[in-house]
Amino acid sequence: MISAAVIMSALELGCIYALVALALFLSFRVLNIADMTTDGAFTLGCAVSATVAVAGHPLLALPAAMLAGVCAGYITALLQTKLNIPSILAGIITNTGLYTVNLAVMDFSSNVNMMRTETLFTLLQPNLGSFYKLVPVALLTALMGFALVMFLRTRLGLSIRATGDNPDMVRASSINTGFTITVGLCISNSLTALSGAVLAQYQKTADINLGNGMVIIGLASLIIGETLMPRGKTWMKALGAILGSILYRFIIAIALRLDLPSECLKLISAVIVALAIGLPTIKKALKPAAKGGNA
């Protein structure tokens, strides 16, 4: 049986990691860019949040982390649009450089302990009781999801969507695709950094390795969400990313309850992503087999 505490933890972590799923929805699905900056930007958000919170500003830590994420996304976009480096390589280059940057932010320490530090959650605990973690992360994720959907309906947002669909047509319409790509990657990485910032305060620690495998986690959540929600409007896709993240955390929680070693979680994530991506092919392969069996 899964206890109430496990369910609560899965909901909390699902909402936190849903910000990464929303970020990948913007970069991977809308812009059609495989942004590999995600791991480093997530750790950057953790590092900035922990450092600013330890300095006594837990609320200021969240916008500070988002601003740092914007800078990371801008570097990736600069490499891609100005130096004509392929998007995957641009992300890898930025991600590699961010390792040193993250260490520098944490004063060249591999981790920052926040056990005696006041955080967003400790500030809200007296008013929200046992829901002092779930309520703020759920509201924050809902707010970011709503803001992203509304942004994609603006003129600039529509230009970003068009850039992902057909960049040649966008250029023919005298729209600067370099600008739209830059804005999209900056917003995407700001959401990723925000997720890391919230997680650091949630766990009361920041570690240089917290972002490892974040691309896989985000993609797993995004693809699970796409299987849950029918293809349609933008808000349905954004909602699917959030629900996919929550369901993914429940899958991980069940795996842990089955006493699977924690070292296997990365493998489980990879299998989930592979199955989710290959699901249409699997369905097509099963249909002829089913018809043959009926015959």
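Note: hydrogens, waters and symmetry copies are ignored here, and every other heavy atom, side chains too, is used.
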J.: Could you tell me whether the side chain of Asn212 reaches within less than 4.5 Å of the side chain of Asn209, counting heavy atoms only?
T.: yes

J.: Would you please say whether a donor-acceptor pair under 3.5 Å links the side chains of Thr37 and Asp35?
T.: yes

J.: Restricting to non-hydrogen atoms, name the atom on Gly184 and the atom on Leu26 that form the minimum distance, rounded to 0.1 Å.
T.: O-CD2, 3.4 Å

J.: As an exercise, state the distance from CD1 of Ile88 to CD1 of Ile93, rounded to the nearest 0.5 Å.
T.: 12.0 Å

J.: When you check the side-chain N and O atoms of Thr177 and Thr163, is any donor under 3.5 Å from an acceptor?
T.: no

J.: How are the rings of Phe121 and Tyr202 set relative to one another: parallel (under 30°), tilted (30 to 60°) or perpendicular (over 60°)?
T.: perpendicular

J.: Less than 4.5 Å apart, any side-chain heavy atom of Phe42 and any of Leu199?
T.: yes

J.: For salt bridge (Lys or Arg N to Asp or Glu O under 4.0 Å), just list the numbers for Glu12 and Arg249, CA-CA rounded to whole Å, side-chain angles, deciding distance to a tenth of an Å, and then say yes or no.
T.: CA-CA 9 Å; Glu12 293 163 357; Arg249 296 317 306 183; over 6 Å; no

J.: Show the numbers, then the answer: is there a side chain to side chain contact (heavy atoms under 4.5 Å, CB included) between Val20 and Met214?
T.: CA-CA 8 Å; Val20 180; Met214 198 52 56; 4.0 Å; yes

J.: Hey, are Ser87 and Gln80 close enough side-chain-wise for a donor-acceptor pair under 3.5 Å?
T.: no

J.: Pick from Thr38, Leu219, Ile223: which one makes a side chain to side chain contact (heavy atoms under 4.5 Å, CB included) with Phe28?
T.: Leu219

J.: So, for Ala50 and Ala206, which heavy atoms are closest and what is the spacing to 0.1 Å?
T.: CB-CB, 3.6 Å

J.: Between Met106 and Ser110, is any pair of side-chain heavy atoms under 4.5 Å apart?
T.: no

J.: Should Ile175 and Leu156 be regarded as members of a common hydrophobic cluster, given that ILVMFWY residues are connected when their side-chain heavy atoms come within less than 4.5 Å of each other, either directly or indirectly?
T.: no

J.: Is the shortest heavy-atom distance from the side chain of Leu210 to the side chain of Gln203 under 4.5 Å?
T.: yes

J.: Is the shortest heavy-atom distance from the side chain of Pro58 to the side chain of Leu123 under 4.5 Å?
T.: yes

J.: Are Phe151 and Leu222 grouped together when hydrophobic residues (ILVMFWY) are joined by side-chain heavy atoms under 4.5 angstrom apart?
T.: yes

J.: Between Thr180 and Ser159, is any side-chain donor less than 3.5 angstrom from a side-chain acceptor?
T.: no

J.: Using the rule that Ile, Leu, Val, Met, Phe, Trp and Tyr join whenever any side-chain heavy atoms are under 4.5 Å apart, tell me whether Leu143 and Leu13 fall into a single cluster.
T.: yes

